[in-house]
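In what follows, a single structure is set out as structure tokens and then discussed.
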Amino acid sequence: MFRLDWDSSEIETEILAVAPEMAPYFETFNGLRIMRSTCSTEIFFGFLCTPNNNLTRILQMARHLASYGAELAVVDGKRINRFPDVATIAAIPEADLRAKAFGYRAATIPSVAQQVLTRGEAWIESLKNVPFESAHAELCKLKGVGPKLADCIALFALHHMEAVPIDTHIWQAYVRLYRPEWKDKPITDSRYREAATFLRARFGNHGGWAQQYLFYDNMLNWRTRKE
DNA sequence: TCTCGACCTGAC
DNA sequence: TCAGGTCGAG
């Protein structure tokens, strides 16, 4: 889960050799790791909760989706459920999720699950065995999944370690470090592609690992950072 | 290819 | 006002 079989100092050394600007982030957040989930379905639908949303609500929504799965145990009075399979999520009525304050994602989450089902239950897992670019392209064909979610799913669910999801935080870090002339510019499709391509080229197979530091730093400091 | 507005909710 | 965005129209 925490990739303890990976030597983080070795990875940091390799990243620093090609991207010395990462040094202060490694010093500040020493020990930060990128997690390795064993359940691709959970990560897939977890990220479907994230668009245009905040972490507190994302957690509530992910927990609610989990409640549709088989009960594993009760710990300190709290039910622990296995994350449900794709078919279960595909069958959740939109009204149920609306009632749980899912907003417009009440429609998109079951819809994406239905699209996945038509590709077969093993489809998500199968994307682990194709090149990152192919997996990303396939994920983007789902209505409701754009380039950012595709990158998140590729990295965190499928373990394509070169993926660099450009969310609002990585976008701010990218502009600050590499593209100051784009300060305050919104992310368009083409800018997204440029940033993601640039960061993958710069960090190579450690793109996912490196972006975690930039993400966490910006997450902590974006409100107070003055330029 | 870019720009906009819409889309749910709730914390700050 | 804005969150770990995406879609459709123009």
Side-chain angles (χ1 to χ4, degrees), chain A residues 25 29 32-37 40 42-65 92-116 136-161 163-177 179 181-200 203 207-225:
Chain A
Y25 300 94
F29 304 114
L32 189 66
R33 288 177 163 271
I34 185 155
M35 293 180 75
R36 175 172 55 197
S37 168
S40 54
E42 177 178 9
I43 303 302
F44 184 97
F45 288 101
F47 275 110
L48 276 175
C49 299
T50 64
N52 198 16
N53 205 352
N54 61 73
L55 190 54
T56 309
R57 195 150 75 102
I58 291 166
L59 283 173
Q60 289 173 6
M61 291 165 67
R63 288 195 180 114
H64 184 256
L65 286 181
I92 301 174
E94 177 181 342
D96 288 12
L97 296 182
R98 288 267 174 192
K100 289 294 179 181
F102 271 55
Y104 59 84
R105 300 170 200 80
T108 57
I109 290 173
S111 158
V112 171
Q114 289 156 21
Q115 295 173 61
V116 171
H136 191 269
E138 286 304 309
L139 289 165
C140 284
K141 289 178 184 171
L142 298 168
K143 190 182 167 193
V145 176
K148 191 271 182 179
L149 284 194
D151 273 318
C152 284
I153 293 163
L155 176 60
F156 292 101
L158 307 175
H159 314 316
H160 286 293
M161 298 305 291
V164 181
I166 315 285
D167 58 38
T168 178
H169 295 290
I170 298 297
W171 175 248
Q172 289 174 20
Y174 171 72
V175 170
R176 199 175 63 246
L177 289 172
R179 269 289 205 171
E181 69 272 28
W182 278 0
K183 185 166 160 44
D184 297 327
K185 295 252 188 194
I187 312 181
T188 61
D189 270 356
S190 60
R191 288 198 199 106
Y192 186 103
R193 273 195 301 279
E194 184 196 298
T197 304
F198 174 90
L199 292 173
R200 280 199 303 277
F203 299 130
W209 194 279
Q211 65 84 30
Q212 197 71 1
Y213 288 80
L214 298 177
F215 173 82
Y216 191 53
D217 169 70
N218 206 72
M219 185 95 166
L220 290 181
N221 299 315
W222 71 275
R223 283 181 197 279
T224 54
R225 192 191 302 278

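In what follows, chains are A, B, ... by sequence order, proteins preceding strands, each numbered from 1.
Both A:G144 and A:F215 lie close to DNA chain C; mapped to their nearest nucleotides by heavy-atom distance, the more 5′-ward contact belongs to A:F215. Nearer to the 5' terminus of DNA chain B, by closest-nucleotide assignment, is the contact made by A:N52 (compared with the other of A:Q60 and A:N52).
Taking only side-chain atoms of A:L149, from C-beta outward, the nucleotide of C:dT6, B:dC8, C:dG4 with the closest atom is C:dT6. The side chain of A:T188 approaches B:dT3 more closely than any other nucleotide in the set B:dC8, B:dT3, C:dG5. Ranking B:dT3, C:dG4, C:dT6 by closeness to the A:R191 side chain, first place goes to B:dT3. In this structure, of B:dC8, C:dA3, C:dT6, it is B:dC8 that holds the atom nearest to the side chain of A:R98. Comparing B:dC7, B:dG10, C:dG8 against the side chain of A:K143 picks out C:dG8 as the nearest.
Taking atom C1' in both C:dG4 and B:dC4, the straight-line distance is 22 Å, to the nearest Å. When the P atom is compared between C:dT6 and B:dG10, the two are found 22 Å apart, to the nearest whole Å.
Across the protein-nucleic acid pair, A:N53 atom CG and B:dC12 atom C1' stand 15 Å apart, rounded to whole Å. Protein atom CE of A:M61 is 12 Å distant from nucleotide atom C1' of C:dA3, rounded to whole Å. Going from atom CD1 of A:I187 over to atom C1' of C:dC2 covers 14 Å, rounded to whole Å. Between A:Y213 atom OH and C:dG4 atom P there is a gap of 21 Å when expressed in whole angstrom units. With rounding to whole Å, A:D217 atom CG is found 14 Å from C:dG4 atom P. In this structure, A:Y104 atom OH and B:dA6 atom C1' are separated by 9 Å, rounded to whole Å. Rounded to whole Å, the distance from CG on A:D167 to P on C:dC2 is 16 Å. A:I166 places its CD1 atom 12 Å from the P atom of C:dT6, with the value rounded to the nearest Å.
Here the side chains of A:F156 and A:R36 are not in contact, with every heavy-atom distance at 4.5 Å or above. Inter-residue side-chain proximity for A:Y174 and A:N218 is flagged as unmet; no heavy-atom pair is nearer than 4.5 Å. Within the 4.5 Å cutoff, side-chain heavy atoms of A:D151 are placed close to those of A:Y192. Within the 4.5 Å cutoff, side-chain heavy atoms of A:R105 are placed close to those of A:N52.
For B:dA11, the OP1/OP2 oxygens have no side-chain nitrogen or oxygen of A:T56 closer than 4.0 Å. Contact check, A:K185 against B:dT3: no side-chain N or O comes under 4.0 Å of OP1 or OP2. A close approach under 4.0 Å does not occur between any side-chain nitrogen or oxygen of A:R57 and OP1 or OP2 of C:dA3.
A:Y216 comes within 4.0 angstrom of no nucleic acid atom, judged by non-hydrogen atoms across all strands. At a threshold of 4.0 angstrom between heavy atoms, the contacts of A:L142 are confined to the sugar-phosphate backbone, with no base atom among them. Among the protein residues, A:P147 comes within range of the sugar-phosphate backbone only, with heavy atoms under 4.0 Å from sugar or phosphate atoms but none that close to a base.
In the interface, the side chain of A:Y192 is not paired with the base of C:dG5 through any donor and acceptor atom under 3.5 Å apart.
Nucleotide B:dC8 forms a pair with no other nucleotide shown, judged by Watson-Crick or G-U wobble geometry with both contacts under 3.5 Å.
Checking side-chain atoms of A:Q211 against main-chain N and O of A:G208 turns up a donor-acceptor pair under 3.5 Å.
In this structure, A:D217 CG and A:Q212 CD are separated by 12.0 Å, a value rounded to the nearest 0.5 Å.
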